[in-house]
Every structure is written in structure tokens, then in C-alpha cells.
Visitor: 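Just passing along the structure, written as C-alpha cells.
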Number of protein chains: 2
Amino acid sequence: MVAQSRPGTTRAALSKDRVLRAAVSLADEGGIAALTMRRLARELEVEAMSLYHHVADKDQVLDGMVDVVVGEITAGVRDGGASSDGAGWKAAVRHRILAARQVLLRHPWAPGVIESRTTMSPTVLRYFDSLTGLLLGGGLSADLAHHALHALGSRALGFSQELFDPAAGAGDESERMLEDYADRLPNLVGMLTEIAHDDPDNTLGWCDDQAEFEFALDLILDGLERLNS
Amino acid sequence: MVAQSRPGTTRAALSKDRVLRAAVSLADEGGIAALTMRRLARELEVEAMSLYHHVADKDQVLDGMVDVVVGEITAGVRDGGASSDGAGWKAAVRHRILAARQVLLRHPWAPGVIESRTTMSPTVLRYFDSLTGLLLGGGLSADLAHHALHALGSRALGFSQELFDPAAGAGDESERMLEDYADRLPNLVGMLTEIAHDDPDNTLGWCDDQAEFEFALDLILDGLERLNS
DNA sequence: ACCTGAACACCGTTCAAGT
DNA sequence: ACCTGAACACCGTTCAAGT
């Protein structure tokens, strides 16, 4: 096999960039478990071992995928502007983080991969540098800004690993489950039935992730603002 | 090979419990990557396939390992007592979560495994039920308690995935790194140098995880308390 | 310089066979 | 009922060989 799929049709040369973009779309479609070096090669119409001329190993592929995603986030940010004019820091941070979240929603595998990386890439560092700029520009002390980054944690990048399974007990089953567990989990069941009573649309296990994300984000940002006074 | 290691020494029969405890100690010692069905079997002086008489598959091993860890957390809690007397809810929640954190520090692999599970086990549900009891007992509305659980997220179980590598640039290298990146990461470097100036012990990349965890936890709990008034 | 085929040292898991 | 050995269908990666 030569690097042509049909006579007269020269296939684009392999490159690190092509490998990474193929890896991202493979994970987007089939989840991170679908990403194997062999399948990635097949997608690029190449032998698995050819990949190793452009990336050192699979870990470097994962590193690169994070950069692609964080690059998407950074690309959506217009620099300068209202970022440095003091009082607006909270809105600016909020806006940027919610924008990051929108990007991550398109790449459900990204949170897990980001958390599995042991070192921060230059691209990720640049994102955090920019976010830090918003905080310092808003008048937060270096110390408070530093605490803020830790408190935001992964939320700074737009995600928070949900421990509750969104699809756990959706539908009509949930009410029966509520009764089954009422004696063993009285507080949880009590809380959820009361919420369901107030809002009949809201059944067990079905939480509005966007609303919860914003609630937690605002809780943190409001807390920081208070400490900044 | 029969189930005896030496003549007269009958080996303990295999059981799901023994499998799970062996899995936990294997991961404690060698990290989660060291946990393979084959190695786990070797540790138990048994063939790999014998494990499948006690667990359905590796996923069930991971599920069980989470239960072992959360069981450790729950075991350290004395039920009843000061948990339900109103005003003390914040201290009670804080205390319980920090205790959970101490357990998780002994099982560094646990956060990753917990987040990889798609459904919550009865043991985990029981932990959250108990935590919910503290919130409701403290007078929080069902709605606010629900928001609180989401806002705490994995912190409710005592961990927060740190995005910054604790050992990234420790030691004397960090100062040189600071200078190298000063132009590309002005805000981050500015923040860190200012912190390092105030506290010479604190070098780049070396953060007090315990202090940062408590800062974020208190930020959230204080915010909830304010919303509860 | 880039790509390939065969091979190595692993995985999780199935299956038929043993006791 | 519990355990085993061989086998299957995968992995990531190395290496020597091709062009």
C-alpha cells in the first residue's frame, strides 16, 4: 500500500495535527474507550505504527487532545476589552467559564482526560493565565486569586464531574424507587420528594446540570467577592 | 495445584470480600494501573479465571473497591449526637467531609475510580443520605440542600481533583521557570512571585492542598449558610 | 524521512474441562 | 461449587526492514 487511496488522489500527509484532530473526533463519536492507536490509524487510513513518527506515545496523543479542546475555548475569547476595568471581574469570569463549559459539552471525554494529565500544557497554562488576569484586574490580591483558582478547580475550565448519574432513575421507575428506598435513605428520599412536589417536572435523578453548575459557580464567585472587600 | 500453599496449610477460601480487599491494597501500593485481573489473581495465589466465580467482571471489582473505601469513611462516623441540633450543621458537615478526606488520602486511586463509576452504589447513597440529614437537620430547605450537594460535588466525599501538579516545578528550578515564562504567562507568574515574596517557603507549584481544600469548603459552606437565612 | 509487517508482552474474558 | 488451562480478541509499543 502506498500513500494513495485512488490513482491520482494523493492522500494528505500525516502530521501531528491531523493525528490529534482525528483522535478528538474519534473520542467525540465513540467515547474515550474507542480511542486506540490501532483504530486511530485505521481512521487515518494508515498503519498503527505510522502514528509513532508523529507522536511519542498514546499519552502524548491525550496531551494533544486536551490542547485542541482548550484551544477551542481560548479561540472563543476576545482579548482585552472589558476584562480589566475593575468591578466587572465577576461577570467576566462567569462569562468566560460558562463559555468554556459550552465547549466541553461538545467533548464529553475531555474532563476525564484533563484530570488524568499530570502536567499542565502551555495551552492550559495560558488559559489559566488569562483567567488569573481577570481576577487580578478585578482587584483581588495575589493570595485571594490563588485561593480562587483552587476553589474553582475544574470548574475554572467549565466542568464539574457529576457524582450522580443523570440517567440513573429517570422516568416512571423513579417514583417506585423512591418508595423502595424510603426506609434506607430517608433524608435523600425526603429531600427529593419535596423537590418533586414543588416542581412536578423534576423527577429523581434528573437535575438541571446547567442550573446546578451556575449555582455553584455563583456561590464561589459571590464568596470571593465578599472576601475581596 | 490444589488450594494449599504448604502441606497442612489450608489457604483461606476465595470470596468476593477477599478479592476486593486484595484489589484495594494492590491499588494502594502500585496505583490503579497496577490493578489487573491477572495480577490480582497472582496476589491471591490463584489463577486469574478463578476471580470470575466471585465477581462478574473488572467493573464490579472497581465498584466494590469504592464501597470498601466509602465503608471506611462511614465506619468513622458516630451516628446521631450533635448532628441534628440545628445551628451546628456547618461544623458537622465540615467535620465529616474533612474526615472523609483523611480516608481518601490513604487511597489516592479512589477519586479517579469514584468518578469513573456511572451509578452510585448503595454504600455511596447511604453516605450522601447521611450528609443530606445534616443539611436538612440544620434547617436548609430541600431545594437548598439539593443545590448544596451539587455545589459540593466530589468535595462532599473529601476530594477535589487538583488540576495543578503539586510536584510540577518544585525546588530551585521553579524560580528559573518563573523567569522563563514571565513574558508568556505574566498574570500567573506575577501572582506566584508575589505569593512567594510574602511567604518565602511557598515556591511555585507547591500548594498546601489541605489549606486549599478547607478554603474552598468553607467558601461553599459559608455561602450556603448565608442563603439559609 | 516516512511508512510498514511481524512480533512481543501484555490485557479482559470465554469456554470446556477437571475435581 | 469451585478452580483451572488453553484460547480468543484485543491492547500499546519495539524493531528491522522497506521506499
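Quick note on labels: first sequence line is chain A, next is B, and so on, each numbered from 1.
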Visitor: Could you tell me how far apart A:Met37 (CE) and D:dC10 (P) are, to the nearest whole angstrom?
Guide: 18 Å
Visitor: Please determine, for the side chain of B:Met49, which listed nucleotide (D:dT13, C:dC11, D:dT4) has the closest atom?
Guide: D:dT4
Visitor: Below the 4.0 Å mark, does D:dC11 have OP1 or OP2 next to a side-chain nitrogen or oxygen of A:Arg39?
Guide: yes
Visitor: Given C:dA1, is OP1 or OP2 found less than 4.0 Å from the side-chain N or O atoms of A:His54?
Guide: no
Visitor: I need the full list of ring pair (Phe, Tyr, Trp, His ring centres under 6.0 Å) pairs touching residues 98-121 of chain B, with sequence neighbours left out, sorted by first then second residue.
Guide: B:His107-B:Trp109
Visitor: Measure across B:Leu188 and A:Phe128 and return the closest heavy-atom pair with its distance rounded to 0.1 Å.
Guide: CD1-O, 4.1 Å
Visitor: Just how far, in rounded Å, is P of D:dC2 from NZ of B:Lys16?
Guide: 14 Å
Visitor: Taking all heavy atoms of A:Ala22 and all of A:Ser25, pick out the closest pair and write down the distance.
Guide: O-OG, 3.2 Å
Visitor: Applying a 3.5 Å limit to both distances, which nucleotide forms a Watson-Crick or G-U wobble pair with D:dT19?
Guide: C:dA1
Visitor: B:Lys58 NZ to C:dC11 C1': how many Å, rounded?
Guide: 8 Å
Visitor: Figure out the CD/P separation between A:Glu45 and C:dT4, and round it to whole Å.
Guide: 11 Å
Visitor: Using whole Å, report how far CZ of B:Arg42 lies from C1' of D:dG5.
Guide: 17 Å
Visitor: Any side-chain N or O of B:Ser50 less than 4.0 Å from the OP1 or OP2 oxygen of D:dC2?
Guide: no
Visitor: Need the pair for C:dC8. Rule: Watson-Crick or G-U wobble, both distances under 3.5 Å, any strand; none if unpaired.
Guide: D:dG12
Visitor: Could you pull out the closest heavy-atom pair between B:Leu152 and B:Leu217, with the gap in Å?
Guide: CD2-CD1, 3.8 Å
Visitor: Kindly indicate whether the side chain of B:His53 and the base of D:dC2 share any N or O donor-acceptor pair separated by less than 3.5 Å?
Guide: no
Visitor: Just compare D:dG12, C:dT13, C:dT4 and give me whichever is closest to any side-chain atom of B:Tyr52.
Guide: C:dT13
Visitor: Could you check how far CD of A:Glu47 sits from P of C:dT4, rounded to whole Å?
Guide: 5 Å
Visitor: Whole Å only: how far is the CD atom of A:Gln60 from the C1' atom of D:dG12?
Guide: 14 Å
Visitor: Does A:Asp63 come within less than 4.0 Å of A:Arg117, counting only side-chain N to carboxylate O?
Guide: yes
Visitor: Mind calculating the distance between CZ (B:Arg38) and C1' (C:dA9) to the nearest angstrom?
Guide: 11 Å
Visitor: Give the nucleotide from the list C:dC3, C:dT4, C:dT13 with an atom nearest to the side chain of A:Leu14.
Guide: C:dC3
